[in-house]
Amino acid sequence: MKLVYAYPAEKGRGVEAEIVGGLRDRCGHVVQTGREERDSERGGATDVIVTLEVEERCDDALNTLRAHPAVIDAAKESFGERV
């Protein structure tokens with residue numbers, strides 16, 4: 001299943017490695033398949049939108065993403081109109 005999450009770019013790319021590593025430990029096979037920087041909806045900052053492919057325990061992976069302190073939001077497939 002495809003999952004997407006967003007985090008503030010100022011947090012640095014280490015967030016992505018930390019998240020993928022943690023999800024692999026908890027949920028098995030996880031691959032980052034996309035990354036895009038976009039202007040945030042607030043202020044002059046930039047957000048990073050990351051796409052992951054997760055094969056197992058997708059709901060656990062989504063809940064883990066949402067609980068991560070650097071993650072702004074996470075969803076299955078896409079953010080819909082917000083992206």
Side-chain angles (χ1 to χ4, degrees):
M1 168 172 279
K2 184 168 75 169
L3 301 178
V4 294
Y5 71 92
Y7 72 91
E10 64 265 12
K11 296 287 185 179
R13 289 194 76 154
V15 168
E16 296 169 44
E18 177 187 331
I19 286 174
V20 168
L23 288 177
R24 283 181 180 150
D25 290 345
R26 291 181 68 125
C27 305
H29 185 73
V30 176
V31 176
Q32 182 170 320
T33 59
R35 180 185 194 277
E36 180 181 351
E37 290 191 19
R38 295 189 180 176
D39 292 337
S40 69
E41 293 180 8
R42 63 203 182 297
T46 302
D47 292 336
V48 178
I49 311 297
V50 178
T51 305
L52 303 172
E53 268 309 313
V54 180
E55 291 184 4
E56 299 175 12
R57 301 181 61 194
C58 296
D59 288 333
D60 288 343
L62 183 58
N63 290 334
T64 300
L65 285 172
R66 288 179 174 159
H68 193 283
V71 172
I72 297 167
D73 198 4
K76 291 181 182 179
E77 305 298 328
S78 75
F79 291 123
E81 294 299 316
R82 292 178 287 159
V83 174

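What you see is a predicted model; the values in this text were computed from it and never measured.
- The environment of R24 atom CZ is dense: over 12 non-hydrogen atoms of other residues, nucleotides or ligands sit within 6.0 angstrom.
- Interatomic distance, R26 CZ to D60 CG, rounded to the nearest 0.5 Å: 6.5 Å.
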request  = May I have the step-by-step check of side-chain contact (heavy atoms from CB on, under 4.5 Å) for I19 and V30, ending in yes or no?
outcome  = CA-CA 10 Å; I19 286 174; V30 176; over 6 Å; no
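- Note that the CD atom of E77 and the OG1 atom of T51 stand 10.0 Å from one another [nearest 0.5 Å].
- No side-chain heavy atom of L62 sits less than 4.5 Å from a side-chain heavy atom of M1.
- Checking side-chain atoms of R38 against main-chain N and O of I49 turns up no donor-acceptor pair under 3.5 Å.
- Tracing side-chain contacts under 4.5 Å through hydrophobic residues (I, L, V, M, F, W, Y), one never reaches V4 starting from V15; they form parts of separate clusters.
- Across all their heavy atoms, R57 and C27 have their closest contact at O-SG, 3.8 Å.
- Summarising the geometry, atom CG belonging to L65 is positioned 13.0 Å from atom CD1 belonging to I72; distances are rounded to the nearest 0.5 Å.
- Across all non-hydrogen atoms, the minimal contact from A75 to S78 is CB-O, 3.5 Å.
- Looking at every heavy atom in both residues, S40 comes nearest to D47 through CB-OD2, 3.2 Å.
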task = Starting from the C-alpha separation in whole Å, work towards a yes-or-no answer on side-chain contact (heavy atoms from CB on, under 4.5 Å) for L3 and K76.
result = CA-CA 5 Å; L3 301 178; K76 291 181 182 179; 3.8 Å; yes
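- At distances below 3.5 Å, not a single donor-acceptor pair connects side-chain atoms of T33 with backbone N or O atoms of E53.
- When the options D73, L52, V48 are evaluated for a side-chain contact (heavy atoms from CB on, under 4.5 Å) with Y5, the one that passes is L52.
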